[in-house]
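Some notes on the structure that comes next.
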Amino acid sequence: MVNSIEGKVVVITGASSGIGETTARYLAAKGAKVVLGARREDNLSKIVTEINKTEGVASFQKCDVTKRKDVEALVKKAIDDFLKIDVMINNAGLMAIAPLEELKIDEWESMIDINIKGVLYGIAATLPIFKKQGYGHYINISSVAGVKVFSPGGTVYSATKFALRALSEGLRHEVGGKIRTTCIEPGAVATELPAGTTHLESANKLASVFNDAIPAEAVAKAICYALEQPQEVDINEIALRPTVQEF
């Protein structure tokens, strides 16, 4: 089987840890050229150095996805380094679980800024490039909470992930002739994501859900599956979760 990952230029947001980091390492090992973006520059530098030492190809750009100019700079870095972009993985996300009555409005706004607007900035920065090239692939990291509302406490988080699912489907309708769109919807994954929850009672409930979390590599493999398909095949949606997870 031809390795359809080799040589692809893949931009990944939220790549300083968790799903983003693991996916970068996994795809680089398969021959992709990966461009990592996140706020934690020290982490990015360490990851990229390690990838390049193991015969992978990687570069990075510090990027806060709530800042449009940062996302544009990340995409420019990919073009400057590798002359094209094949894949945009919109992975950066925030999960802050708390009942609505707690009125954690700052956290609501942060989730909207990162989980929705951050993805829109990623699309805005790459869509003209994809259209000019005549090809491209969006991988949007949503959640099973974007299929069913996570309750109690997950109303706003779920709202952002439902929005991302709708955004992915709408994007497919608009540009699906040549540009592919995949929405990945993981359940509990062993990452730093639960640390975004500051409400103690909700954090304790989350801990029980994440006791059986699957490794981030499971999500990386799902992403790889979508990327490996021939151009005429568009994997639109993948939901994956721990076998024992009820939600």
Side-chain angles (χ1 to χ4, degrees), residues 10-20 23 35-41 44 60-79 85 87-98 100 103-131 136-147 149-150 153-175 179-186 191-198 219 223 236-237:
V10 182
V11 178
I12 308 172
T13 66
S16 61
S17 67
I19 291 171
T23 300
V35 183
L36 285 65
R39 291 176 296 180
R40 292 179 289 183
E41 193 169 7
L44 293 177
F60 74 91
Q61 174 76 33
K62 184 177 180 181
C63 176
D64 179 345
V65 298
T66 68
K67 299 176 181 177
R68 181 180 173 185
K69 295 296 183 184
D70 276 20
V71 181
E72 291 171 349
L74 174 63
V75 169
K76 184 178 185 299
K77 174 69 171 173
I79 295 293
I85 300 174
V87 183
M88 180 70 188
I89 302 181
N90 291 301
N91 167 70
L94 173 65
M95 179 174 67
I97 303 301
L100 286 174
L103 298 180
K104 290 185 173 288
I105 297 171
D106 288 346
E107 292 183 356
W108 300 351
E109 291 178 343
S110 292
M111 284 191 285
I112 290 167
D113 287 345
I114 295 170
N115 298 353
I116 302 176
K117 291 171 68 177
V119 175
L120 285 168
Y121 291 159
I123 292 169
T126 49
L127 188 54
I129 296 168
F130 285 174
K131 291 184 74 173
H137 196 156
Y138 289 105
I139 303 284
N140 296 328
I141 307 301
S142 181
S143 168
V144 293
V147 180
V149 175
F150 182 76
T155 301
V156 178
Y157 177 67
S158 282
T160 66
K161 292 303 185 176
F162 267 78
L164 181 51
R165 191 176 179 212
L167 178 60
S168 299
E169 178 63 3
L171 182 63
R172 183 187 73 81
H173 277 287
E174 290 194 23
V175 301
I179 299 168
R180 300 190 289 177
T181 302
T182 303
C183 190
I184 305 288
E185 298 149 3
T191 70
E192 298 174 353
L193 191 65
T197 294
T198 61
V219 182
I223 291 169
N236 303 131
E237 205 167 359

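Any value given below was found using the heavy atoms of this structure, including those in side chains, with hydrogens, waters and symmetry copies removed.
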Closest approach of [X] to [Y] (non-hydrogen atoms, all atoms of both residues):
X    : Y    : result
A38  : A15  : CB-N, 3.8 Å
P128 : I123 : CD-O, 4.5 Å
V71  : D64  : CG2-O, 4.4 Å
Y138 : G122 : CE2-O, 4.4 Å

Problem set entry | G14 backbone acceptor or donor facing N91 side chain under 3.5 Å | yes

Problem set entry | Under 3.5 Å: donor-acceptor pair, side chain of S168, backbone of C183 | no

Checking [Y] against [X]: is there a side-chain donor and acceptor pair closer than 3.5 Å?
X    : Y    : answer
T181 : R172 : no
S143 : R165 : no
D113 : T66  : no
T198 : E107 : yes
N90  : T13  : no

Hey, does [Y] have a side-chain heavy atom less than 4.5 Å from the side chain of [X]?
X    : Y    : answer
V35  : F60  : no
I112 : T160 : yes
F130 : M88  : yes
N236 : T182 : no
V87  : I139 : yes
L167 : L120 : yes
V156 : L100 : yes
N140 : I184 : no

Problem set entry | Residues E192, R40: salt bridge by 4.0 Å N-O rule | yes

Exercise. Is the shortest side-chain N to carboxylate O distance from E72 to R68 below 4.0 Å?
Worked result: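 Looking at R68 together with E72, the answer is yes, because their closest N to O distance falls below 4.0 Å.
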
Which residues pass the salt bridge (Lys or Arg N to Asp or Glu O under 4.0 Å) test with [X], not counting sequence neighbours?
X    : value
K62  : none
K67  : none
K104 : none

For this session: First locate atom SG of C63, then atom CD of E41, and finally report the distance between them rounded to the nearest 0.5 Å.
Result: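 Output value for this atom pair is 11.5 Å.
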
Exercise. At what distance, to the nearest 0.5 angstrom, does OG of S142 lie from CG of L164?
Worked result: 4.5 Å

For this session: Dump the intermediate steps for side-chain contact (heavy atoms from CB on, under 4.5 Å) on V144 and F150, then the final yes or no.
Result: CA-CA 8 Å; V144 293; F150 182 76; over 6 Å; no

For this session: Output, in order, the C-alpha distance, side-chain angles, deciding distance and verdict of side-chain contact (heavy atoms from CB on, under 4.5 Å) for Y121 and V65.
Result: CA-CA 7 Å; Y121 291 159; V65 298; 5.8 Å; no

